[in-house]
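Notes follow the structure.
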Amino acid sequence: MSVSFGFQHSYARELVGFYARVQPAKAPAPQLLLLNTALAEQLGLDLRALDEQALAKVFSGSVLPADAEPIALAYAGHQFGNFVPQLGDGRAILLGELVGRDGVRRDVQLKGAGQTPFSRRGDGRAALGPVLREYLISEAMHALGVPSTRALAAVATGEPVYRETVLPGAVFTRIARSHIRVGTFQFFARRADVQGLQKLADYVIARHDPELARAPNPYLALLDAVMQRQAALVARWMMVGFVHGVMNTDNMAISGETIDFGPCAFLDVYDPRTVFSSIDQGGRYAYKNQAPIAMWNLARLAETLLPLIAEDGEQAVALATEHLERFEALFGEQYLSGLRAKLGLVRAEPGDEALAQELLEQMYLSRADFTTTFRLLCEVAAAEDAAGLRSRFSDPARFDAWCQRWRSRAASEQAAPAEQAQAMRRVNPAFIPRNHRVEHALQQAVQHGDLSAFNRLAGILARPYDDQPEHAEYAEPPPPDSGPYRTFCGT
Ligand code: AMP
Ligand code: MG
């Protein structure tokens, strides 16, 4: 079998020394589990010549497309605040880049296809559960309209991987606008390699922000662009109740896509302090801390850019600081406009933030489910009666007062109530990857080799803003006795 994907290799060509050449391991018995044909089409990838066995070989790394040039990328990163000068792709292998039908260049990367020079003590493998989890959640994020890396394929390798227990191994094919992270910049900054940094920054500008090449200070403009994307991204996370869970600087993509789905999960009950990750004992990456942590990570990015921002060190620091200080306002705008949309408001009025905060506070005090509350509010927008939603609040009279305030504010908008409700349904999902549903689907797949629950859930999550009454139970929060949900880093 000889097949070509139409790969390009701008990273490998232009950033020599930023990666190691590697060979993926061969899987003993690769079996294709999932293939995202719609995404393949978008990428301009014609897979019709490959039968299922051939696809399994390609997407396990066992047989490479003729034009692949497998590499593992170097990067560093702050993990929970501690700097690690060398991390790198320890279990990910970039095969090449595809320029899709939309003209966008994207990386095609195998995750779990064996060791690389960056594996440290790791085995370079991935277990089936975390592979399916990333597939499901990254695609769900995309369907929710949140920028995210995508899932192209999942293949079982037929080989066991050894964690606390023996688990089936798998390889995940990830698609990203690039895999350049804050930690990529940190890798070169730590080595005081200013030339390398400049090459990297120029590459990023050419790939993600070509218009910035003409800016008066392109590297400061790059910092602004990354800040803008992160502010928008984290605000989107907040609007769907997403807790990333491991916002280390190596898990923050310069492209502004959500990346790394190891311990992430979605809020059920609205509590801003929510943490799911079992290793995040201090709550560093709690729901409410995500914007301040993004800001912290951006400060680490800014530090790496200092020598490029100005020759004079003090001037560089002053400029970078001045720009970084805008993050809070940038995020605040995105967050508030997201909340406004959730409440069906289009125009901006001074009392909007207080109006939204009052609802959130009542949700918090009532332990209300984040997603269902906002979805029910869509119905209330077009109805006289709010009884169904009202009953979910511990202080119904206080809710009534809020509801009246909201109704009169909403009445000052152009749109009629029915239109408002419709617009609200487009931003307040009915379906999110409910933790208990995700667990059940993964369990069926891993323990019984049965993907039917997974496929059903994935199908529902592909249309999160549609009512889908036939799947109403998938919109429901977990049973009240299910206890706190815990996640684990997907190694
Ligand atoms: P993550 O927690 O996925 O962000 O990974 C942090 C670092 O650990 C990255 O450098 C990964 O490549 C590396 N890593 C995670 N799991 C493995 C593994 N099973 N084998 C080798 N390296 C790994
Ligand atoms: Mg990572």
Side-chain angles (χ1 to χ4, degrees), residues 18-20 22-25 27 60-61 70-94 107 109-135 137-138 141 148-149 151 157 159-187 190 233 243-265 276-280 284-285 293-294 297 300 487-491:
F18 288 50
Y19 57 85
V22 292
Q23 272 308 314
S60 61
I71 59 175
L73 311 186
Y75 55 84
H78 277 92
Q79 299 186 310
F80 289 90
N82 303 307
F83 188 66
V84 185
Q86 182 170 312
L87 291 165
D89 287 335
R91 55 162 176 168
I93 297 177
L94 177 64
D107 286 0
Q109 189 195 56
L110 302 178
K111 211 171 149 183
Q115 286 174 313
T116 77
F118 304 108
S119 295
R120 294 174 294 163
R121 284 181 300 278
D123 60 2
R125 309 289 174 164
L128 177 59
V131 162
L132 294 177
R133 198 164 194 282
E134 174 157 356
Y135 197 112
I137 299 187
S138 63
M141 289 294 268
S148 176
T149 60
T157 58
E159 204 166 38
V161 297
Y162 300 92
R163 300 292 182 256
E164 275 101 64
T165 55
V166 184
L167 297 167
V171 175
F172 177 72
T173 304
R174 177 161 69 188
I175 305 298
R177 281 176 177 250
S178 82
H179 282 89
I180 299 166
R181 309 136 191 271
V182 170
T184 317
F185 283 86
Q186 291 181 295
F187 183 88
R190 168 45 75 96
L233 179 66
V243 183
H244 182 284
V246 61
M247 291 178 69
N248 295 332
T249 57
D250 55 305
N251 293 333
M252 185 186 263
I254 297 298
S255 69
E257 292 176 316
T258 311
I259 188 168
D260 206 311
F261 294 84
C264 69
F276 295 108
S277 171
S278 52
I279 59 167
D280 189 2
R284 180 180 171 89
Y285 300 137
I293 285 290
N297 290 348
R300 306 288 80 74
T487 57
F488 302 90
C489 274
T491 50

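Counting convention: from 1, in listed order, for ligands and their atoms alike.
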I'd like to know whether CZ of R300 has more than 12 heavy-atom contacts from other residues, nucleotides or ligands below 6.0 angstrom. yes
Under 4.0 Å from a heavy atom of G88: which atoms of ligand 1 are those, numbered in the order shown and with their elements? 9 (C), 10 (O), 11 (C), 12 (O)
Angle between ring planes, H78 versus F83, binned at 30° and 60°: parallel, tilted or perpendicular? tilted
Tell me the nearest of Q115, R120, R125 to atom 8 (O) of ligand 1, using heavy-atom distances. R120
Steps toward side-chain contact (heavy atoms from CB on, under 4.5 Å) verdict (Y19, L94): CA-CA 10 Å; Y19 57 85; L94 177 64; over 6 Å; no
Looking only at heavy atoms, the pair that brings H244 and I259 closest together is NE2-O, 2.8 Å
Judged by heavy atoms only, the candidate from D89, D123, D260 nearest atom 2 (O) of ligand 1 is D260
At the Mg ion (ligand 2), what angle lies between atom OD1 of N251 and atom OD2 of D260, rounded to 10 degrees? 80°
Could you tell me whether R163 and D123 have a side-chain N and a carboxylate O separated by less than 4.0 Å? yes
In sequence, state the C-alpha distance, the side-chain angles, and the governing distance for Y285 and F80, and then conclude on ring pair (Phe, Tyr, Trp, His ring centres under 6.0 Å). CA-CA 9 Å; Y285 300 137; F80 289 90; 4.9 Å; yes
With atoms numbered from 1 as shown, which atoms in ligand 1 lie under 4.0 angstrom from a non-hydrogen atom of R163? 19 (N)
Can you list the atoms of ligand 1 that are under 4.0 Å from a heavy atom of D250? 4 (O)
Considering non-hydrogen atoms only, spot the tightest contact between L167 and A127 and give its length. CD1-CB, 3.9 Å
Determine whether any heavy atom of G124 lies closer than 4.0 Å to an atom of ligand 1. yes
So if I count the atoms of ligand 1 from 1 in the order they appear, which ones are less than 4.0 Å from some heavy atom of N251? 4 (O)
Below 3.5 Å, N or O to N or O, backbone or side chain included: is there any such pair between F118 and ligand 1? no
Of Q79, E134, R91, Q86, the residue with the heavy atom nearest atom 15 (C) of ligand 1 is R91
